[in-house]
Amino acid sequence: MSAAEMRFLAWRWILLAIATLGCWAVLPVEAHAVDASKCPTIGEPHKINVTAELSFSRKHTEFVKALQVTTIKVPKQKNEDADDLTLSPDVPSYRRALHCLLLGRNSSQDIDLNTWYPEWPSTVDQPSTEKDAVVVKYESWNLIRSAGMFEVGPWTVKVGTKGWKVTLHPSGALAKSTWQRIEVDPGGLKISDVPDVPEVSIADKDSRVWSGYKPESEKAIYVTMAPPKDLARQGRASWIRSLGVVSWWIAASIVIAASAWPLRRKTDLAYTALQWAGVSAALGLTLLLLLQPSPRVNPWRAFIGISSGFTLVLLARPWLPLKQGSDGHHRGMRNRKAVACVFAGVAAVTGLLVIVSPHLFGLPTNLMPKASPPTSGIVGLALLDFSMLWLWLTAIVAWAWRFAREGKLGEPAGEGRPERPESSGVSPAAPLLRPVVVVGVALAVVAAVVVACRVFSFHKKWERADWMGDAGSVFGIDYRSALSQQLADFAFMGPQWIYTYTWVLAGIALVALLHSKSRTGPETSLGPEGVDLLLVTAVFAIVVVRAVPFAGSVAAVYGLWLPLNMVALYAVVKAGRRWSVLSRVDRKAETPCVVAELSDPAKHDQLMDDARRCRDLLHRLHLVDHAGAEETGRSSLEEQLHSLHRWRPTGCRHACLPDPVSVVDVALSWGPQPRWWGNALNAARWASLFGILPSVVTAWYQHVHGDKRWEFTVDLPTGIPDAVGSFLTREISFAGAGLVLGALWRVLPGERGPMRALNLFIAWLVPIIVVAALNHSIGLKQLGLATLNVILMLIVLTLTSMWVDTDTFRRERPYWTKRFGLLKSIYQVQGLSGQLAFLITQLAAAAGIWQAIATK
């Protein structure tokens, strides 16, 4: 396939995705066609009796559920309009009658779509009839999780900086009715009375009850409530929360710069990492200072999103050749550069055209139409969001590609084989151009899906407000206008959302620096030291811990969480290095001989043969003890084991194994690979495999499990993409933890792998304990969730370490039908029982914490 054909195919798929999105976006929502201007009087309002109950419950860490049940008893009348209340809830006439009863005439309202949240209607029961009345049960709920106005039946909950204000708003016929009983159940939250309300009939810490309330002649009913401590932060000013998040990014940029600076004269990757550190910090401050919500500056905010994405793509230079240092065939590189620049340029020009010339699409200058826009206006705003998202997604992939390329990720460490020159008879232009086109098309599909999810989220929100045919009056504008405003709003929300995922680039940059550093020169130490150790601790803090931030950390000082985790791991490594098996051997030998000895393939093979023989002798000795054989047989086995214990590496003048250490312990502590970087990659692969199930379970718990949790996810503008991102984030976290474990394999204490994994558990748990002790606003549920994340990580690392131990003796795999049989041979019976008991204890702890936080 020629380059022209591939470009044509790419643009065909992009235009198809955009057209599909545009067609879906302009489809009108199904309306119930309630003509509220002709609402009849349903019954005599003063004879209608009402009872109302509002209750709050906390079943998830991210929100509080508010549930209201309003029971209305309407006297029977001799007109068909009142009789409509006796029809099935699926009949439009019933909805019209219910609308007239509850809401009365439509009246336009000025509502901020970003801070107003309509209720979710529950399944409507069939109205029941009594001797002289029709009884209607009206039930609905909402999820309170951030600042704004939350509607739930005749109630509104206003979440602000000073707490929650819960107000009863009778409307329609209910504004003139008698409310026999009104009850507010705070569900364990602190509730307070206010002076300017009718006298409470029953008041205690669990509820407030009013009796015989008449809205026409009495003051409005409202109470104030103190939100849960962890959700109280959501009511703070947005810039304070943003400042806390940006503090983390600035701290991460400082860590990257500090790690790359010593390597600036050794590799070009160091300059690339320094460049990204500066760009990342500048982007964080830009998004914080310039992209705060303000309807009057939408074009400028959208311009910042488009221009910054385009600049990031050009700075990443995705057209560079596959291997650093090669000319990449100038013609092929020119073609790739042209394709990349054309793709990015078309995307940027498309977005800028909507911003600079909105009249071409039938849009106002601020991109926020008050009247119903034409189809071209909605498509134009969808194109603006699409181009912005595509540029940012492309920038992330391009920077990741550049880090991997300059860090030579995927190539073996050490002095690799010389590269073979390319054949001059075949031009590699087409093969190298194809990935650029394929990646560009794939990112276009992802961007279109994200915009579609944004449209879907708004559509569901409109349907909730429109369930009785009143959405237009609630929003004050029609469906198209509201959708257009949401798409325009997403043009500046998108960069902030994508920016939160750029921590992955920081992790890739650190891993690439670590790999680049490990390639230079022979290995002279047991594990990372100096800059290498700084890089490993940074990977631990940014990749492993960043994926699951501690819920109780104070937003304004969130940046301190990163150095705290780095210090914790550094302290664990420094304290444990002295007691690691190989360090104890070097200390007894009075010379660092282990690295020099085991870096020689022949001497390493000899050690592995001795380790296998030692295991065989220990097994035979165990059989002798159980069989009660003669003492001479036991003495012979003990003498052979004693001779193996007298291991003398080259340059060592005496036996250098401490008494509790065997050659098996030395082999297991050295690991399966000749270099510690190889051990890191091996452990990362196993950890990512074992982490699939915990990643699925965690993403499911965060976005699907629990009472109304999926509805909450769908209601968020990026809820569905975030559910996928949650899974990928956890997978990257597990892979990073495996990388750190493998890199520190030889310097962590413990004879067997699971004991080494326990050290990372301690390094992660200690900062949680410190923050929990200093921050009294942390709830037990949040603390339990953070601990559960750590235990899940420990389970994955325990399984990873056991499999790494079997990889150490991989030459014996042909002699064992199953890996578990080899594991039994390595650990012996007693040791394996202990490791399995350790693993079962972790599983039991995880199950216990899950039971506590998921069901209570």
Side-chain angles (χ1 to χ4, degrees), residues 52-68 109-121 140-169 184-194 196-197 207-208 220-245 292-295 457-458 460-461 464-465 474-475 486 489 493 496 551-552 554-556 706-709 711-719 777-779 781-782:
E53 179 182 352
L54 176 65
S55 60
F56 296 84
S57 62
R58 180 78 183 279
K59 294 184 178 180
H60 201 278
T61 57
E62 294 188 34
F63 56 78
V64 172
K65 179 183 175 182
L67 172 66
Q68 72 84 25
Q109 304 177 45
D110 186 12
I111 290 178
D112 185 354
L113 299 181
N114 296 315
T115 59
W116 180 81
Y117 303 92
E119 65 183 355
W120 273 270
S140 60
W141 51 273
N142 212 327
L143 304 175
I144 303 171
R145 74 275 190 177
S146 61
M149 184 72 73
F150 295 84
E151 176 193 70
V152 52
W155 302 86
T156 58
V157 182
K158 184 177 181 181
V159 178
T161 57
K162 297 182 179 180
W164 297 358
K165 181 180 180 181
V166 183
T167 308
L168 178 67
H169 292 285
V184 177
D185 180 5
L189 303 179
K190 184 179 179 182
I191 186 171
S192 302
D193 296 318
V194 291
D196 297 331
V197 298
S207 64
R208 294 291 187 275
I221 289 180
Y222 69 95
V223 295
T224 59
M225 295 174 54
K229 293 181 179 179
D230 55 310
L231 289 183
R233 297 190 303 272
Q234 301 296 335
R236 295 177 182 173
S238 59
W239 70 271
I240 296 180
R241 298 196 305 272
S242 301
L243 181 63
V245 175
Q292 290 302 310
S294 176
S457 171
F458 166 76
K460 300 298 290 184
K461 190 173 185 178
R464 297 206 315 268
V474 170
F475 286 96
Q486 293 294 283
D489 189 66
M493 288 176 55
Q496 294 175 317
V554 180
D707 186 27
K708 311 303 181 184
R709 189 63 183 82
E711 287 84 350
F712 174 80
T713 298
V714 173
D715 188 55
L716 296 175
T718 57
S777 65
I778 300 174
K781 194 166 187 176
Q782 288 68 43

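Side-chain contact between Trp120 and Leu143: present, with at least one pair of heavy atoms (C-beta onward) separated by less than 4.5 Å. A heavy-atom distance below 4.5 Å is not found between the side chains of Arg208 and Val166. With a 4.5 Å cut-off on side-chain heavy atoms, Trp141 and Glu711 count as touching. A heavy-atom distance below 4.5 Å is found between the side chains of Arg145 and Leu716.
Lys461 and Pro118 make their closest contact through CE-CD, 3.4 Å (heavy atoms, listed as atom of the first residue, atom of the second, distance). The two atoms that bring Gly153 and Ser140 nearest to each other are N-OG, 3.3 Å, heavy atoms only. The minimum heavy-atom distance linking Pro186 with Phe56 is given by the pair O-CB, 3.5 Å. Minimum heavy-atom separation, Val152 to Glu119: C-OE1, 3.4 Å.
Under a 3.5 Å cut-off, the side chain of Asn142 and the backbone N or O of Glu151 do form a donor-acceptor pair. Judged purely by atom type and a 3.5 angstrom limit, Ser457 uses its side chain to pair as donor or acceptor with the backbone of Asp715. Remark: side-chain polar atoms of Ser57 are not paired, donor with acceptor, to backbone N or O of Gly187 under 3.5 angstrom.
Interatomic distance, Met149 CE to Thr167 OG1, rounded to the nearest 0.5 Å: 7.5 Å. Note: Lys65 NZ to Ile144 CD1 = 12.0 Å, rounded to the nearest 0.5 Å. From Arg58, atom CZ reaches atom CZ of Phe63 across 9.0 Å, with rounding to the nearest 0.5 Å. To the nearest 0.5 Å, atoms CG (Leu54) and OG (Ser207) are separated by 12.0 Å. Expressed to the nearest 0.5 Å, how far CH2 of Trp155 lies from NE2 of His169 amounts to 10.0 Å. Summarising the geometry, atom CZ belonging to Arg464 is positioned 10.5 Å from atom OH belonging to Tyr117; distances are rounded to the nearest 0.5 Å.
In this structure, the side-chain contact (heavy atoms from CB on, under 4.5 Å) partners of Lys190, at least two apart in sequence or on a different chain, are Ala226. Partners of Glu53 according to the side chain to side chain donor-acceptor pair (under 3.5 Å) rule, which considers only residues two or more places apart in sequence or in another chain, do not exist here.
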